[in-house]
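Since the structure comes first, as structure tokens, the remarks are kept for the end.
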Protein chains: 2
Amino acid sequence: MYAMDGLTINEAARVTGWSARMLRYVEQTGLVSPERTGSGYRIYGAAELQRLRTLKELIAGFDVALSDVAFAARIKHDPQLQRAIEDWLNATPQRPQDVDPDDWLRFEQRKHERLLLGAA
Amino acid sequence: MYAMDGLTINEAARVTGWSARMLRYVEQTGLVSPERTGSGYRIYGAAELQRLRTLKELIAGFDVALSDVAFAARIKHDPQLQRAIEDWLNATPQRPQDVDPDDWLRFEQRKHERLLLGAA
DNA sequence: ATGACCCTACCATGCTCGTGTCAAGGTTTG
DNA sequence: CAAACCTTGACACGAGCATGGTAGGGTCAT
């Protein structure tokens with residue numbers, strides 16, 4: 001195949017700071033999936049490169065794991081899971097000790113506002 | 001200490017289906033932290049028991065890891081992290097195929113130059 | 001006061017994550 | 001064509017998660 005407007009995996013590795021191995025791994029997590037040429041070569045376009053760089057910053061800057069970001073993505077694309085997690089987390093006012101149990105229950109039932117990762 | 005209105009760890013274990021060992025572990029993740037008596041005994045109240053049960057359902061029902069839920073909690077309590085992850089995820093037009101190819105290209109090309117300059 | 005319970009602190013195991021490397025084989029290109 | 005690159009698949013390995021177990025030592029109820 002002739003000149004595609006993108007970088008091949010090792011070139012992308014060099015410009016993004018990831019290793020080629022990790023680029024394949026990241027693709028496997030579903031976070032950054034480059035196009036393929038007819039013969040199967042990965043082609044990283046500007047968008048993917050940018051995404052890889054920011055992903056790297058995100059992970060380093062907040063000390064989160066790749067799998068954490070992958071999980072966030074899963075939440076985002078699975079409204080049921082999102083809802084379930086949100087509900088579980090919202091039902092935790094860490095100190096329910098000086099609250100009347102009955103009030104507590106009614107209060108919890110009305111909690112439905114703040115979204116976790118909803119806005120798209 | 002005299003009769004507290006809650007269950008001790010092994011009782012809670014029996015009632016929730018977790019092992020006592022896991023109850024301590026779950027506490028360590030920060031997801032469910034029972035009160036303590038003056039002498040340090042964990043006391044699980046109705047709220048904690050309910051939380052443990054629903055947590056179990058959540059984990060089993062969606063095949064999610066405890067650490068995933070812990071991470072979601074971290075996101076929820078750290079607005080900066082939440083914002084960063086949200087932004088990164090939202091910047092994913094996973095298939096830029098329904099975008100006009102010409103616009104897409106010109107846009108990407110300009111970005112490309114900038115990006116290559118910034119790369120080390 | 002004694003048996004049943006709790007606590008913390010380890011050690012051990014099996015599994016997953018993140019990462020490198022190497023092998024066998026297709027593709028691109030000078 | 002041959003060198004340089006790509007692909008998938010595998011083995012390897014340290015670090016961390018999820019669990020169980022045990023040991024030494026307090027606490028509670030009878």
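Note on naming: letters A, B, ... go to the chains in the order of the sequence lines (proteins, then strands), and numbering restarts at 1 for each one.
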Pair B:R36-B:E27, salt bridge (Lys or Arg N to Asp or Glu O under 4.0 Å): steps then yes or no: CA-CA 12 Å; B:R36 299 293 190 114; B:E27 179 179 11; 3.4 Å; yes
Is there a donor and acceptor pair closer than 3.5 Å between the side chain of A:Y25 and the base of C:dG20? no
Take atom [atom1] of [X] and atom [atom2] of [N], then tell me their distance rounded to the nearest Å.
| X | N | atom1 | atom2 | result |
| --- | --- | --- | --- | --- |
| A:E27 | D:dG9 | CD | P | 12 Å |
| A:R42 | C:dG26 | CZ | P | 17 Å |
| A:M22 | C:dT21 | CE | C1' | 15 Å |
| A:Q28 | D:dT8 | CD | C1' | 11 Å |
| B:E11 | D:dA29 | CD | C1' | 13 Å |
| B:D63 | D:dA18 | CG | P | 12 Å |
| A:I59 | C:dC17 | CD1 | C1' | 12 Å |
| B:L23 | D:dG20 | CG | C1' | 14 Å |

Is it the case that more than 12 heavy atoms not belonging to B:R83 sit under 6.0 Å from its CZ atom? no
Distance test, side-chain N/O of [X] to OP1/OP2 of [N], below 4.0 Å:
| X | N | result |
| --- | --- | --- |
| A:S39 | C:dT28 | yes |
| B:T37 | D:dT27 | no |
| B:R36 | C:dT8 | yes |
| B:R21 | D:dG21 | no |
| A:R24 | D:dA10 | no |

Pick out which of B:I75, B:I85, B:D68 makes a side chain to side chain contact (heavy atoms under 4.5 Å, CB included) with A:F71.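 That would be B:D68.
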Of all the choices, C:dG18, C:dG20, D:dT19, which nucleotide is nearest to the side chain of A:A65 once you look at every atom?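 Nearest to the side-chain atoms of A:A65, counting from C-beta on, is C:dG18.
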The side chain of A:I9 is closest to which nucleotide in this list: D:dC5, D:dC28, D:dT7?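 Nearest to the side-chain atoms of A:I9, counting from C-beta on, is D:dT7.
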Working to the nearest 0.5 angstrom, can you tell me the gap between B:F62 CZ and A:Q80 CD? 5.0 Å
Measure the OH-CG distance between B:Y44 and B:L23 for me, rounded to the nearest 0.5 Å. 3.5 Å
Identify whether any heavy atom of A:A20 sits under 4.0 Å from a base atom; if not, whether one sits that close to sugar-phosphate; answer base, sugar-phosphate or nothing. nothing
Residue pair A:L66/A:Y41 against DNA chain C: nearer the 5' end by closest nucleotide is A:L66
Pick the nucleotide of DNA chain D nearest each of B:S67 and A:T8; which residue has the one closer to the 5' end? A:T8
